[in-house]
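In each ligand, atom 1 is the first atom listed, and ligand 1 is the first ligand listed.
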Amino acid sequence: MMIESIANGMGVDAHCHIDLFPEPVAIATEIQRNKIHTIAVTNAPSVFHFTANLAKEHSFVHPAAGLHPELVKTHCGELPLLIELIENTRFVGEVGLDFVTTNPDDRKLQEHVFGKMLEKCASVGGRILTIHSRRSSGRVIEMLENTPPGKAILHWFSGPKKDLLKAIHLGCWFSINPAMVRSQTGRALIARMPKDKTLLESDGPFVNDGGMPSTPSSIQSITKEISEIWDCTEDDVRKSVNDNFYKLMM
Ligand code: MN
């Protein structure tokens, strides 16, 4: 990746499922035109090649190899492929834990997969990860502390305040989406997120933004809501988000 293209970014989307939009090429073209650095997460290692190919023609698309915690039960056989992909990719995601399931065996399997993946990231000198932590933030943070995998972005963080403070202490990064700025609890968490560690995310096509699936381009306007929460100018937010992506890549 050329340094110039990092510096020239006009926006950031740290978590987008480009491959799950009906027209991924159109999304990638728009990303390229608007110069939005986008971490293109994938949910299973077996589909990574599609997004990796898309990224070859679109320098603002940064493909991430992942295994979504909600797919671990059916796709855990792909763990060796994920481990192999991590060898040659800079970004990893979507990975993490989802404790909406209360089944202890399912949770244990998710922890096994997440743990092995963290070990691999650590052993190759660190990666940039975008991490899911629904109802599991305490355990995710504990595992990150035990096996530091590089730069960990907590995507759509929705845990208790005490876990947020632990994550900040551990040096985690955060990405904010439109659903978070609209919710009362989301806003309270954003208020405490460090400005120098915070990014934007669409989590498209799963998050709604004005009745449409949010896209890397559409979410850039949430800098307005974030500026109100942080009590600064919208330009400040935009500048720090772009600077933060640059730091993330260093
Ligand atoms: Mn996601």
Requested in this report: Answer yes if the side chains of E94 and H17 hold a donor-acceptor pair under 3.5 Å, and no otherwise.
Outcome: yes
Report summary line: Among N, O or S atoms, D203 approaches the Mn ion (ligand 1) most closely through OD1
Query raised in the report: Which single N/O/S atom of E94 lies at minimum distance from the Mn ion (ligand 1)?
Result: OE1
Query raised in the report: When the ring centroid of F245 is compared with that of H62, is the distance short of 6.0 Å?
Result: yes
Query raised in the report: Near the Mn ion (ligand 1), is there an N/O/S atom from H17 that is less than 2.8 Å away?
Result: yes
Report task. Measure from the Mn ion (ligand 1) to each N, O or S atom of H155 and report whether any distance is below 2.8 Å. Result -> no
Query - Student check: side-chain heavy atoms of M193 and M180 closer than 4.5 Å - result: yes
Query raised in the report: Can you find a pair of side-chain heavy atoms, one from E30 and one from T215, that are under 4.5 Å apart?
Result: yes
